[in-house]
Amino acid sequence: MKQSKLLIQTYREAPRDADVISQQLMMRAGMIQKLAAGIYDYLPLALRSIRKFEEIVREELVRDGCQELLMPVVQPRELWDESARWQFYGRELLRLKDRKDADFCLGPTHEEVVTDIVRKIIKSYKQLPINLFQIQTKFRDEIRPRFGLMRGREFIMKDGYSFHVDDADADREYWRMFEAYKRIFARLGVKFRPVEADSGAIGGSFTHEFHVLAGSGEDAILSCNACEYTSNAEKTEAPGLPFGYASEPVLDLKRAHFHTPGIIAMEEQAKAFRDAEHNGLPLDHASKFYLYRATRGDATWDAGLVLRSDHDPNTVKLKNLIGADSIDLVPLEEAEKRAGTKSGFIGPVDMDVSMYVDRSLEGAYNLTCGANQEGYHHFGFKPDRDLKQMKGFHDLRMAREGDVCARCGKGTYEAFRGIEVGQVFKLGTKYSQAMSCVFSDEAGHERPMVMGCYGIGITRTIAAVIEQNYDADGIIWPWPVAPFHVHLVSLDSNKPEIASVANRAESDLEAAGFQVLHDDRDGLSPGVKFKDADLLGMPLRLTVGAKGLKDGIVELRDRRTKEVTKIKPEDVVAAVKAHRERTNHEGTK
RNA sequence: CGGGAUGUAGCGCAGCCUGGUAGCGCACCUGACUGGGGGUCAGGGGGUCGCAGGUUCGAAUCCUGUCAUCCCGACCA
């Protein structure tokens, strides 16, 4: 492909409203343009990457017996009424009317349609299981689209749905898709992690997210360095920790009642404690207390959370533990009123509230806590002894980097940031029941199919690849999704001897199956072409110029390492092949 | 939905406060020079200043409304 004919415009600066690196680079490299908020044109360069990733996805799914189909973007309201999602989906669902005033929506996902397809065709257990997928444009009318392709309103997604006779078979398929996804992202050539998104669930529905690791990722992830356990930091199990001061004699709560006038910060409070043995206390010798208000339906109640003061509360865990729909901190003024003292001195002792204590405090004693008296703290707090409405020790804190893995007990957690690009999810019978997607089992009884669903954000993944692979000069494409493999730059491309060598290299490489973008543009200085090549980020740059040709060589440059190899023009194909063998991430190992 | 900001050529910006011929850089076109990291010179084309209304002899500039975009938050998962 001659660059002089390619639909592309590169920019020295990114548009002002491009706020993440992938969006800036894709716009500067002429891959995408914004048409409206969260809606982008995919220009030829971008589409080449998108198509390549789609093909990887397609191949791996078809290998596992999945069948591709294509469902409509525009969907009738009737289907969405059956699942009740017309009512519950909210304004993210873009609704529209046709000329007859009938209601339609743009599909944000396709559970209804695929369930409708299957219920019309599949009647017997003999036809199950079946796994269907499509690669198609979706529309979600996000309140606030941002981050370019990472959270657009219109995006391309692979969505797959499987149908089964029972839970066990749906589980089997779940893990098969899990493995297929691992192969897909491995072939893509990026660093990624499958992440447990709902760690505690037993049986029933469970789900994994696949994250591309990138410093700019929205989600914090903790991963054990010894076992497979990887989860969203919000959900990561935190280990209990031993009490580090077990050699101290157990003190009575009220014995050491110490003065902390006007000291609010946790660190300062702990430091303020002094007695014969202590000159200030470390944070893990102090406790802190939060008063939460929980709601479920119309019911509202309060719950107390006690933690080591160097730990952060995990409200998701507390919410799940006490079975609330949502929880929030009790407003400070109200908490002060309940405790009868000011913020900074509020403590759990004597408070008439159910108390949930983080398990890192199991066996702990001689802790500090607010004395519910302005200017005072207790030293000698022992939760299981001193809390009247003690509801036990539980995992209620945020796990953090360096904690011992709560699963295997051997490794420790490492922290990553990730971009969620895929999800495997066991749906159960939610849609099949609502929409009567049933089959006859061996006994002739009608049963709802058990469903799974499996998504990969295609365009988001391409953006995530860039978030993970770039430098100050531009994009660094991994081989499998690079728009072209080789960026052939001819300098002084109007000179016949250069053009002939360059054109020869281009056709040789193409004949050998490589995709070449040939910068044959006339009259541009070398610097311009090099800058463009770096920005566009093809894995290899092949430079043909008078300087090298004088010595009978052309130069092959690795975009990632910037390493330059001087080779004879006739060795170009062999050199590119060697490079591909060395760096191509394709393969399922 | 709450708070904040911005709309001037394809992109990045100045001009607005203090009303008077619409500017700069990049990109584009012509020519010459140059030729290994966004090169130089000369010439050129392109803008109803987001839109509507108002004030004024006169509005990019002041006023009102409106639309769009972006940021923070809330919401959602």
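Computed from a predicted model, the values in this text were never measured in an experiment.
- The aromatic rings of A/Y174 and A/F178 sit parallel to each other, their planes meeting at less than 30°, with 60° as the upper class boundary.
- Comparing B/G35, B/G38, B/G36 by their nearest atom to the side chain of A/K531 picks out B/G38.
- Note: CD (A/Q24) to P (B/C70) measures 14 Å, nearest angstrom.
- Of the C1' atoms belonging to B/G46 and B/C11, the separation is 14 Å, rounded to the nearest Å.
- Across the strands present, B/U18 finds no partner; the criterion is a Watson-Crick or G-U wobble pair with both atom distances under 3.5 angstrom.
- We find that A/D302 and A/R293 are joined by a salt bridge, their nearest charged nitrogen and carboxylate oxygen being less than 4.0 Å apart.
- The side chain of A/V528 lies closest to B/G38 when the candidates are B/G35, B/G10, B/G38.
- Judged by distance alone, with hydrogens and angles left aside, A/R521 brings no side-chain donor or acceptor close enough to the base of B/G35 to form a pair under 3.5 Å.
- Atom name P, nucleotides B/A14 and B/G31: the rounded distance is 35 Å, in whole Å.
- For the residue pair A/S490 and A/D520, no side-chain donor N or O sits within less than 3.5 Å of a side-chain acceptor on the partner.
- B/G4 and B/U66: their P atoms are spaced 16 Å apart (whole Å).
- In this structure, A/Q3 places its CD atom 17 Å from P of B/G38, rounding to the nearest Å.
- A salt bridge between A/E154 and A/R140 is absent, with no side-chain N of the basic residue lying under 4.0 Å from a carboxylate O of the acidic one.
- As judged by a 4.0 angstrom heavy-atom cut-off over every strand, A/G548 is placed among the base-contacting residues.
- Using atom P as the reference point in both B/G12 and B/U56, the two lie 37 Å apart (nearest Å).
- The base-pairing partner of B/U6, taking Watson-Crick or G-U wobble contacts with both distances under 3.5 Å, is B/A68.
- The 5' end of RNA chain B is approached more closely, in terms of each residue's nearest nucleotide, by A/A14 than by the other of A/A14 and A/A37.
- One can place CD of A/E142 at 16 Å from C1' of B/G73, the figure rounded to the nearest angstrom.
- Separation of the P atoms belonging to B/A5 and B/C62 is 15 Å when rounded to the nearest angstrom.
- In this structure, A/L524 places its CG atom 14 Å from C1' of B/G36, rounding to the nearest Å.
- Between A/R28 and A/K495, the residue anchored closer to the 5' end of RNA chain B is A/K495, taking for each the nucleotide with the nearest heavy atom.
- In the set B/G38, B/G37, B/C11, the nucleotide with an atom closest to the side chain of A/P15 is B/C11.
- The partner of B/C33, taking Watson-Crick or G-U wobble pairs whose two distances both stay under 3.5 Å, is B/G39.
- With both pairing distances under 3.5 Å, B/G53 is matched to B/C63 as a Watson-Crick or G-U wobble pair.
- Here the nucleotide nearest the side chain of A/Y11, chosen from B/G36, B/G10, B/G38, is B/G10.
- Spacing between B/C76 and B/C1 at atom C1', rounded to whole Å, works out to 14 Å.
- With a cut-off of 3.5 Å on both pairing distances, the Watson-Crick or G-U wobble partner of B/G73 is B/C1.
- Phosphate contact (OP1/OP2 of B/C70, side-chain N/O of A/K34, threshold under 4.0 Å): present.
- Ring to ring, A/H211 and A/F192 are not that close: their centroids are 6.0 angstrom or more apart.
- Among the nucleotides B/G39, B/G35, B/C76, the one closest to the side chain of A/D492 is B/G35.
- Nearest nucleotide to the A/D534 side chain, out of B/G37, B/G25, B/A27: B/G37.
- Side chains of A/Q23 and A/Y40: a donor on one and an acceptor on the other come within 3.5 Å.
- With ring centers used as reference points, A/H487 lies 6.0 Å or more from A/W477.
- For the pair A/E234 CD and B/C76 C1', the computed distance is 13 Å after rounding to whole Å.
- Remark: P of B/G37 and CG of A/L491 are 10 Å apart, rounded to the nearest angstrom.
- The phosphate of B/C13 has OP1 or OP2 within less than 4.0 Å of a side-chain N or O from A/R16.
- When both pairing distances are held under 3.5 Å, B/G25 makes a Watson-Crick or G-U pair with B/C11.
- A/R557 comes within contact range of at least one nucleobase, with a heavy-atom separation under 4.0 Å.
- Between B/U61 and B/C70, the distance separating the two C1' atoms is 24 Å to the nearest Å.
- Closest to the side chain of A/D17, out of B/G38, B/U69, B/A27, is B/U69.
- Annotation: B/U40 and B/G35 have their P atoms spaced 14 Å apart (nearest Å).
- Using a 4.0 Å heavy-atom cutoff across all strands shown, A/R541 reaches at least one base atom of the nucleic acid.
- In summary, the side chains of A/E467 and A/S216 do present a donor paired with an acceptor at a separation below 3.5 Å, with no hydrogens or angles considered.
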